[in-house]
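Worksheet: the structure to be examined is printed underneath.
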Amino acid sequence: MGMALTGRTGLLAALGAIVLLFVPHWWALFALEGALAVCVAADLALAGNVRQLRFHRTGDTNIRLGETANVSLIVENLGRRRVKARLRDAWPPSAGATPMITAASDSAGFLPRRPQNTVKPQNTVTLSIPAGERRRTDLTLVPTRRGDRKAATVTVRSTGPLGLAARQLSRPVPWTLRVLPGFPSRRHLPGKLAKLRELTGNHIALIRGQGTEFDSLREYVDGDDVRSIDWRATARRADVVVRTWRPERDRRIYLVLDTGRTSAGRVGDIPRLDCSMDAALLLGALASRAGDRVDLLAYDRKVRARVEGVSRTDLLTSMVQAMAPLEPALIESDAAGMVSTIMSKVRQRCLVVLLTELNSAAIEEGLLPLLPQLTSRHLLMIAAVSDPRVTEMAQARGDLAAVYDAAAAERARAERRRLTAELRRFGVEVVDAPPEEIAPALADAYLALKSAGRL
C-alpha cells in the first residue's frame, strides 16, 4: 500500500510559499510545513483502509471477435470502517474495456444486474463500501483483437476527508478473456451445404449423386448414362439396372496454417492469418458435414497449434480454441520442417490444404523444391489471400504517380500469375481470392474435387 498526495496539498504548499515572501523567517517556514504535515497525517489516518479490501471477478471467459463480453469486479470490505474510494480496473487497450457504474449489494448477496441502457461509461468508478459489505462494478469489453486478453491490476485510492492525502493500493486480480476468431464466412455455409446435398444425391430434386464410391442399384430411366448399367444385375432381373455413385466419404482433410512472417501482412484492415482462419473454419465445417475427417496444423518453424482426431461434433470448437492465441511469427517459415511434419503425421493419401501467401521468394526458395515429395503422396491445395488494393492500383490512371503505381501493381499481378502457373505444373490446386471471397472459393474448390472423385 502506498500514499498519494492530491493537488490540494500542492496548492496549499504554493500558498505557504507566497506567505513566506511577506514573512521571511525560519519559524514561519517550520510553522507552515508543520501545519501542512499534521493535516496530511490526519487526513491519511482518517482515509479508508484499502488494505482490508478483497477483490473477486466473475463474467465471460470466451467470446468471438466482434462480440461484447461482460466482466464484473466484486470488492469486499473486511474492515471495520466504511471505505470510500476511486477504483480503476486496468486492461490492455485491445480489450476495449469500458468501466461501468457500480451495482450495490448487501452482505448477504448481490443485487441483480442493472439494465444495460441505464449504465453510463466513465474512466473510473467511485465506491462507497460499508464495513462487511460488497460492491460490484461491471465492465463491458469489446475486444479489437483475437487472442487472450488478460486483466492487469486493480488500483484503489481512498482520499481522506480533507482531500490532502490518499491511501492507494494496487493488486493483480487475474482474469483472462479468450477472444475466439471471428467466423464471418458462416453465412456461406447453408449455400455450400445445399451444393453438397445436390452432390450426394440427397437434394429434394433427386439429382443423382456423382463420385467414385458405389451407392446402390436402381432401375434404368431415360437419360441415365449407359456406362452406369450393371450388366450382371440386369441379367438376373427382367429390367435394366444401373449403378448409382456417391462422392467419397471418410476422406482426410489436413489444414495447414502458415503462421510465418507473410501471414502478418494486412489485407485492408484484416491480417492475412485471420482471413486464412476464417477460410479454414468454413472448409472444416463443410468437410465434416460431408463425412470427411479434418485435422489442423499451425506451423512456422515449429508447431504452434494442432487439432487431430477430434469428433465431427467437436471439430469447430477445438479449431477456434486452438486458433485463438495464434499470432504471426516475424520469421521465415521453415518449409522443410513443415513438409516433414505433414509427411510424418499423415501416412495415407489425403487432401493437404496449405493456407499461405503466394510470395515468390518464400515459395520458390522454400516450398517449390519440396513439392515432388509432397505431391507424390498427397493432393496439395494452396489457398492464398490476394490484396484487392493491388487490383485498384492496376486500374488507376489519374496522374503520373498513379500510372507508376499501376505499373508496379500489374507487375505484381503478373508475378503472382506466373507463380500460380508454376505450382499447377506440379499438380497443385491453387485458390487465390480477395479476403471476402477466399472462404467460399476454397469451399467450392473442395466440392469440385469431391465431385470429380479426386480426394
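Please read these numbers as outputs of a predicted model, since none were measured by experiment.
- With respect to Arg81 and Glu133, no salt bridge is recorded, no charged nitrogen being found less than 4.0 Å from a carboxylate O.
- Under the 4.0 Å criterion applied to side-chain N and carboxylate O atoms, Glu364 and Arg418 are assigned as salt-bridge partners.
- Counted within 6.0 Å of CZ on Phe426, heavy atoms from surrounding residues, nucleotides or ligands total more than 12; the atom is thus considered enclosed.
- For Arg186 and Asp278, the salt-bridge test fails: no basic side-chain N is under 4.0 Å from an acidic carboxylate O.
- Under 4.0 Å is where a charged nitrogen must lie from a carboxylate oxygen, and between Asp387 and Arg413 no such pair does.
- Neither side chain, Ser263 nor Asp258, offers a donor N or O lying under 3.5 Å from an acceptor on the other.
- Residues Tyr446 and Glu429 have side chains that never bring a donor and an acceptor to within less than 3.5 angstrom of each other.
- Side chains of Thr155 and Ser170: a donor on one and an acceptor on the other come within 3.5 Å.
- Here Arg416 pairs with Glu357 in a salt bridge; the nearest charged N to carboxylate O distance falls below 4.0 Å.
- One side chain, Arg86 or Thr126, offers a donor N or O that lies under 3.5 Å from an acceptor on the other.
- Inspection of the Ser128 and Arg82 side chains reveals an N or O donor paired with an N or O acceptor under 3.5 Å.
- Here Lys195 pairs with Asp444 in a salt bridge; the nearest charged N to carboxylate O distance falls below 4.0 Å.
- Between the side chains of Asp148 and Thr176, not a single donor N or O lies within less than 3.5 Å of an accepting N or O.
- There is a side-chain donor-acceptor pair under 3.5 Å between Thr259 and Asp300.
- Applying the side chain to side chain donor-acceptor pair (under 3.5 Å) test between Asp292 and each of Arg252, Arg251, Lys450 identifies Lys450 as the sole match.
- Contact of the Leu87 side chain with the Leu73 side chain is registered, since non-hydrogen atoms from C-beta on lie closer than 4.5 Å.
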